[in-house]
Student: 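Here you go, one structure.
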Amino acid sequence: MGENFKIVFLRHGESEWNVANIFTGWADVDLSPAGEAEAIAAGKCLKEKGFKFDVVFTSMLRRSIKTAWTALMNSDNYSMPIINTWRLNERHYGALQGLNKAETAAKHGDAQVKIWRRSYDIPPPEIDLSDERHPANDPMYANVPAKALPGAESLKLTVDRVLPFWFDNIAPCVMAGKSVLVAAHGNSLRAICKYLEGMSEAEVLELNIPTSVPLVYELDAQMNFIKKYYLMDEEEVKAKMAAVANQGKAEPKPSGPSMEELWPAFDTKMKAEGLNSAAIAAFKYNYGVLVSGASTMIPESAIGPVDELPCLDSLDITPDPSLLQSTVMLKLNGGLGTGMGLDKAKSLLEVSDGNTFLDLIAKQVGAMKAANNLELAFMLMNSFSTSKDTLEALAKYPDLGTGDDLEFVQNKAPKVTAADLTPATWEAQPSHEWCPPGHGDLYPAMLGSGTLDKLLGKGFKYMFVSNSDNLGATMDLKLLTHFVSTGAPFMMEVATRTDADKKGGHLAKDNKTGGLLLRESAQCPDEDEKAFQDVTKYKFFNTNNLWVDLVALKAIFEKHGGSIPLPVMKNGKTVDPRDKKSTKVLQLETAMGAAISCFEGATAIVIPRSRFAPVKTTNDLLALRSDAYTLTEDFRIVLAPERGGVPPNIKLDGRYKFVDAMETIMPEGA
């Protein structure tokens with residue numbers, strides 16, 4: 001057996017920008033006085049433990065270099081080479097670099113900043129070569145190819161940058177029996193620790209390395225991980241770790257204008273725009289949450305897993321076609337598909353044999369009517385951007401309905417100026433002052449448009465709602481009959497999570513009420529990320545196929561004074577989406593699935609993946625257009641039998657993310 005090895009890692013001491021709570025990245029800032037004291041303490045600790053180093057590796061940034069120098073001098077380590085490399089630099093924070101973390105969180109929301117800081121593979125907004133913050137413009141990196149220098153990095157990209165230096169330089173020194181110190185940064189050290197311990201993406205996101213505390217890794221003769229430990233009191237290490245984890249969270253909102261002072265301007269603006277009372281009440285609730293500074297996080301301590309649910313495939317129930325007479329089928333059709341390069345409703349895209357999403361939906365409804373010899377009420381919730389084109393496309397299907405029997409239009413909400421929470425203004429194009437409020441607007445839009453009361457007046461009691469880009473979500477009599485038999489006011493169709501779904505939201509049980517709720521990634525505290533992604537604990541995710549008792553929905557509105565208390569999501573944008581220098585704004589949105597926590601006695605059912613086939617990217621669209629899928633007689637799109645239930649895995653190059661570019665691959669069709 002060979003000799004075991006030790007290597008010491010040291011994150012730099014507190015920097016001046018740590019004190020100011022600023023995203024630092026590659027900015028070359030100095031240590032704070034407290035950071036210098038931390039480095040001295042680290043050196044004394046190393047001396048006490050008898051560490052003598054043969055070689056030291058640091059980044060190119062002075063806070064790392066100065067920490068190394070200070071720790072070495074205070075541990076009586078003087079005669080060894082110190083190697084500086086850009087590959088050990090901190091993760092580059094792109095356009096966030098130089099911005100205050102708490103102010104950024106307050107402006108864009110804790111959730112968005114959490115994604116930028118804590119997601120493994122999603123980088124923050126990138127800066128281009130013309131930006132003075134780009135390292136290609138820094139003489140320090142004149143000997144590094146400009147193409148190798150980042151404009152923004154995720155942790156994944158940081159790992160990709162750091163590990164080649166580990167393999168080529170650091171690891172050979174360790175294996176040669178040399179005593180090695182690596183003084184670097186939180187993320188560059190996490191990259192090495194991830195490799196040494198074989199951590200998963202979720203596990204490395206939970207690794208918080210405190211500033212200036214020597215971290216010792218012991219490795220066997222084959223460089224396999226044995227153990228690790230800090231050379232400091234355990235409680236002090238925990239306190240430092242907590243400080244790292246709390247960086248980047250919005251500070252408690254300082255005292256400022258109250259809701260009573262701020263709201264009248266929004267009320268006046270929305271009434272002048274002709275918005276109905278339900279739309280105003282919904283936005284007032286959402287805006288009140290924003291002004292209050294209330295947290296929308298759902299910690300692990302507040303929830304528990306949902307262990308068992310009924311499955312559609314195992315239901316022993318006789319479908320009751322007569323229930324169709326009291327049920328309306330509704331499709332959400334407000335999306336423009338801008339992520340796929342579209343400026344029209346995504347549902348107008350061709351899918352199969354010359355049929356668009358809307359064609360297939362209309363023909364599915366017709367097939368259901370014919371099969372059961374009964375009428376099936378059908379409606380769309382369009383947006384002010386999709387209504388005209390959609391109605392024109394469906395004019396050839398008069399049996400679906402016309403006018404307000406066929407559609408109601410989603411509300412719009414005012415954008416909020418991020419700096420002072422006042423209504424955003426943009427005289428160059430006033431339409432930019434408004435935004436869609438998310439598909440949670442389904443409920444207030446139904447109320448405000450009169451649709452809910454009209455449906456109830458016609459004797460409709462149940463509603464099945466799904467997204468128009470999900471052709472798997474057809475009206476299923478077995479599901480309808482089961483929903484009615486349960487007496488539940490709300491039922492969510494869920495699917496079983498796999499590793500591919502671990503970053504998405506999950507169904508959970510509210511420990512306080514015992515009811516069901518949804519927890520999205522943006523609502524999960526950093527320290528609970530590992531549990532959030534545990535698909536063996538939280539087994540189910542929302543498909544956005546929902547069943548609603550309309551009488552119960554009306555009762556909730558009456559209980560809450562015309563609004564429904566859905567969790568609020570804050571999205572940071574610019575008032576003109578195409579002008580990144582325009583006023584910073586907040587868009588307040590809600591999700592319709594989150595209503596599961598608003599209905600007492602709400603339930604869920606596990607469905608097969610065949611009922612969940614949304615088209616979010618050109619990869620999805622190309623798959624549907626391919627011969628991997630076939631069109632059934634009742635106009636459903638299903639996997640071809642020879643696929644054996646396995647959908648195709650298509651990953652197009654980034655140049656084909658837009659539909660027009662994708663269609664150049666196979667101009668005659670898939």
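Fair warning: this is a prediction, and the values are worked out from it, not measured in the lab.
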Student: Could you check whether any side-chain N or O of S212 sits under 3.5 Å from a backbone N or O of E38, counting only pairs where one atom can act as donor and the other as acceptor?
Tutor: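 At least one qualifying donor-acceptor pair exists.
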Student: R609 vs D501, test: salt bridge (charged side-chain N to carboxylate O under 4.0 Å, His left out). Steps then yes/no.
Tutor: CA-CA 12 Å; R609 288 271 179 156; D501 310 305; 2.4 Å; yes
Student: Does M60 offer a backbone N or O that forms a donor-acceptor pair with the side chain of N84 under 3.5 Å?
Tutor: no
Student: Should the heavy atoms of other residues, nucleotides or ligands under 6.0 Å from CG of D420 be counted, would the total exceed 12?
Tutor: yes
Student: Does F53 offer a backbone N or O that forms a donor-acceptor pair with the side chain of N77 under 3.5 Å?
Tutor: yes
Student: Give a yes or no on whether the backbone of I226 and the side-chain of D220 come within a donor-acceptor separation of less than 3.5 Å.
Tutor: no
Student: Would you tell me whether N187 and E90 have side-chain atoms, one donor and one acceptor, within less than 3.5 Å of each other?
Tutor: yes
Student: Determine whether L99 and I22 make a side-chain contact, defined as any pair of heavy atoms from C-beta on separated by less than 4.5 Å.
Tutor: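 They are not in contact (no side-chain heavy atoms under 4.5 Å apart), so the answer is no.
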Student: Hey, is K156 close enough to D160 for a salt bridge, meaning N to O under 4.0 Å?
Tutor: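 Answer for the salt bridge query: yes.
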Student: May I ask you to check whether F532 and H506 place their ring centers less than 6.0 Å from one another?
Tutor: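 Ring centres of H506 and F532 closer than 6.0 Å.
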Student: A side-chain contact here means heavy atoms from C-beta on lying under 4.5 Å apart; do V216 and F51 qualify?
Tutor: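 Yes, at least one pair of side-chain atoms sits under 4.5 Å.
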Student: Answer with yes or no after comparing the ring centroid distance for Y141 and W26 against a 6.0 Å cut-off, counting only values under it.
Tutor: yes
Student: List the steps and the verdict of side chain to side chain contact (heavy atoms under 4.5 Å, CB included) for M259 and L262.
Tutor: CA-CA 5 Å; M259 181 70 175; L262 290 166; 5.7 Å; no
Student: Check this for me, if you would: do K228 and E218 make a salt bridge, where the nitrogen-to-carboxylate-oxygen distance has to be below 4.0 angstrom?
Tutor: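 No, K228 and E218 are not salt-bridged.
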Student: Answer yes or no: is there a donor N or O on one side and an acceptor on the other, between the side chain of E14 and the main chain of T211, under 3.5 Å?
Tutor: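 No; judged by distance alone, with no hydrogens or angles, the pair does not exist.
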Student: I'd like to know whether NZ of K616 has more than 12 heavy-atom contacts from other residues, nucleotides or ligands below 6.0 angstrom.
Tutor: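 Yes.
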Student: Distance only, no hydrogens: is a donor on one side chain within 3.5 Å (strictly under) of an acceptor on the other, for S59 and H185?
Tutor: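 Their side chains do contain a donor-acceptor pair, which is all the 3.5 Å distance test asks for.
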Student: Using 0.5 Å steps for rounding, measure from the NZ atom of K573 to the OG atom of S582.
Tutor: 12.0 Å
Student: For the pair K66 and D30, find out whether any cationic side-chain nitrogen is under 4.0 Å from an anionic carboxylate oxygen.
Tutor: yes
Student: Quick one: pull up CG in L189 and CG in L10 and give me the separation to the nearest 0.5 Å.
Tutor: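 CG of L10 is found 8.0 Å from CG of L189.
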Student: Test side chain to side chain contact (heavy atoms under 4.5 Å, CB included) on N100 and F23 and set out the steps.
Tutor: CA-CA 6 Å; N100 180 275; F23 287 105; over 6 Å; no
Student: When you measure from the side chain of T417 to the backbone of A419, do you find a donor-acceptor pair of N or O atoms at a distance under 3.5 Å?
Tutor: no
Student: Grab the two heavy atoms, one from N542 and one from G593, that are nearest each other, plus how far apart they are.
Tutor: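 Looks like ND2-CA, 4.0 Å.
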Student: Taking all heavy atoms of K502 and all of R497, pick out the closest pair and write down the distance.
Tutor: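 That closest heavy-atom pairing would be O-NH2, 2.9 Å.
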Student: Treating R62 as the side-chain partner and V29 as the backbone partner, does any N or O pair qualify as donor plus acceptor under 3.5 Å?
Tutor: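 Such a contact is absent between R62 side chain and V29 backbone.
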Student: Which heavy-atom pair separates I209 from G186 by the least distance, and what is that distance?
Tutor: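 Scanning both residues completely, I find the closest heavy atoms to be CD1-O, 4.1 Å.
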Student: Determine the minimum heavy-atom distance between T67 and R63, stating which atoms define it.
Tutor: OG1-O, 2.7 Å
Student: Any salt bridge between D653 and R655, counting N to O under 4.0 Å?
Tutor: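 Yes, this pair counts.
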Student: Without hydrogens or angle criteria, can the side chains of E197 and Y217 be said to hold a donor-acceptor pair below 3.5 Å?
Tutor: yes
Student: Can you name the nearest heavy-atom pair linking Y78 to M73, along with the distance?
Tutor: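 Distance-wise, the nearest heavy atoms are OH-O, 3.3 Å.
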Student: For the ring pair F612 and F541, is the centre-to-centre distance below 6.0 Å?
Tutor: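 F612 vs F541: aromatic centres under 6.0 Å.
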Student: Below 4.5 Å, heavy atoms only, C-beta onward: do Y287 and V568 meet side chain to side chain?
Tutor: no
Student: Do D579 and K581 meet the salt-bridge criterion of a basic N to acidic O distance under 4.0 Å?
Tutor: no
Student: As an exercise, state the distance from NZ of K49 to CG of L231, rounded to the nearest 0.5 Å.
Tutor: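 Answer for the NZ-CG pair, K49 versus L231, is 6.5 Å.
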Student: Supply the atom-to-atom distance S15 OG to E36 CD, rounded to the nearest 0.5 angstrom.
Tutor: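 These two atoms lie 11.5 Å from each other.
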Student: Quick one: does any side-chain atom of D528 pair with a main-chain N or O of A531 as donor and acceptor, under 3.5 Å?
Tutor: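 Not confirmed, D528 side chain does not pair with A531 backbone.
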Student: Do the side chains of F225 and M199 get nearer than 4.5 Å, heavy atoms only?
Tutor: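 M199 vs F225: side chains apart.
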Student: Between the side chains of E16 and S32, does any donor sit under 3.5 Å from an acceptor?
Tutor: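 S32 and E16 do not have a side-chain donor-acceptor pair below 3.5 Å.
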Student: At their closest point, which heavy atom of E153 faces which heavy atom of P123, and how far apart are they?
Tutor: C-CB, 3.8 Å
Student: Just distance, no hydrogens or angles: give the donor-acceptor pairs under 3.5 Å from side chains in residues 162-184, sequence neighbours left out.
Tutor:
unit_1, atom_1, unit_2, atom_2, d
S179, OG, K52, O, 2.8

Student: Does a side-chain heavy-atom distance below 4.5 Å link L516 with M492?
Tutor: no
Student: Do R190 and L205 touch side chain to side chain, with heavy atoms closer than 4.5 Å?
Tutor: yes
Student: Once you round to the nearest 0.5 Å, how far does CG of L586 lie from NZ of K570?
Tutor: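 Rounded to the nearest 0.5 Å, the CG-NZ separation comes out at 7.5 Å.
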Student: Is E589 close to Q587 at the side-chain level, that is, under 4.5 Å between some pair of heavy atoms?
Tutor: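 Q587 vs E589: side chains touch.
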Student: Salt bridge check: are E300 and R519 linked by an N-O gap of less than 4.0 Å?
Tutor: yes
Student: Please round to the nearest 0.5 Å and tell me the distance separating atom CG of N511 and atom CD1 of I303.
Tutor: 7.5 Å
Student: So H92 and I127, side chain to side chain contact (heavy atoms under 4.5 Å, CB included) or not? Walk me through it.
Tutor: CA-CA 10 Å; H92 198 296; I127 55 176; 3.7 Å; yes
Student: Please lay out, stage by stage, how S154 and I122 fare under the test side chain to side chain contact (heavy atoms under 4.5 Å, CB included).
Tutor: CA-CA 5 Å; S154 61; I122 300 176; 5.8 Å; no
Student: Do L290 and V416 come within less than 4.5 Å of each other through their side chains, counting heavy atoms only?
Tutor: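 Yes, their side chains come closer than 4.5 Å.
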Student: I'd like to know if the side chain of Q523 reaches the main chain of E520, judged simply by a donor and an acceptor atom lying under 3.5 Å from each other, with no hydrogens or angles considered.
Tutor: yes
Student: Is the count of non-hydrogen atoms from other residues, nucleotides or ligands lying under 6.0 Å from Y195 atom OH greater than 12?
Tutor: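 Check fails, neighbour count at 12 or below.
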Student: Has the side chain of R91 got a donor or acceptor atom that lies under 3.5 Å from a matching backbone atom of G25?
Tutor: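 No: the side chain of R91 does not pair with the backbone of G25.
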